[in-house]
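Some notes on the structure that comes next.
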Amino acid sequence: MSNDAAGGCQCGAIRFRLTVTPKRVYCCHCTECRRQSSSAFGISVIVPSDGMEVQRGEPQVWTRPTASGDMLDCAFCPECGSRLWHRAAECISVKGGALDNVPEPTAHIWLDSKLPWVVIPDGVERWAQEPA
Ligand SMILES: [Zn+2]
Ligand SMILES: [Zn+2]
């Protein structure tokens with residue numbers, strides 16, 4: 001994908017762009033991603049902490065603890081409620097569906113909790129839980 005990947009929320013109040021080309025794009029089948037996305041899995045586009053910049057609007061942040069005991073800042077649009085990205089200590093996980101051009105996943109993770117009717121394509125990288 002190009003290094004000028006842009007994205008935004010559903011109502012358009014918030015726009016942002018990636019300043020680097022992401023090397024890792026996960027389809028995450030964990031129960032947190034499922035609940036957060038209100039869907040069968042989440043798409044996590046991983047960039048470094050400085051790999052994303054807000055171009056318009058001001059997201060609100062909801063914070064939750066992770067399984068490993070860290071805190072995760074979850075940014076969302078206060079107007080339409082779209083979840084946009086999660087900021088952890090060492091990186092940002094941009095929600096893939098918020099990008100104008102959703103990149104192809106490099107791996108499927110947390111297959112231990114995958115829904116039985118979701119079929120993973122042949123030949124893609126797979127992890128039972130968190131990728132190493
Ligand atoms: Zn919005
Ligand atoms: Zn997940």
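Order of appearance sets the numbers: ligands from 1, and atoms from 1 within every ligand.
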Problem - Separation between CD of Glu79 and CD of Gln60, rounded to the nearest 0.5 Å - result: 9.0 Å
Exercise for the section: Flag His29 as yes if one of its N/O/S atoms falls below 2.8 Å of the Zn ion (ligand 2), otherwise no. Expected result: no
Exercise for the section: May I have the angle between Cys30 SG and Cys28 SG with its vertex at the Zn ion (ligand 2), rounded to 10°? Expected result: 110°
Exercise for the section: Kindly report the SG-the Zn ion (ligand 1)-SG angle for Cys11 and Cys77 respectively, rounded to 10°. Expected result: 110°
Practice task
Applying side-chain hydrogen bond (donor to acceptor under 3.5 Å, both in side chains), run through Trp127 and Glu125 and close with a yes or a no.
Solution key: CA-CA 7 Å; Trp127 296 86; Glu125 192 178 317; 2.7 Å; yes
Practice task
Look at the side chain of Arg56 and the backbone N and O of Gly12, then say whether any donor-acceptor pair between them is shorter than 3.5 Å.
Solution key: yes
Handout entry: Vertex the Zn ion (ligand 1), rays to SG in Cys80 and SG in Cys9 - rounded to 10°
Key = 110°
Handout entry: Donor-acceptor under 3.5 Å (Ser93 side chain, Ser44 main chain)
Key = no
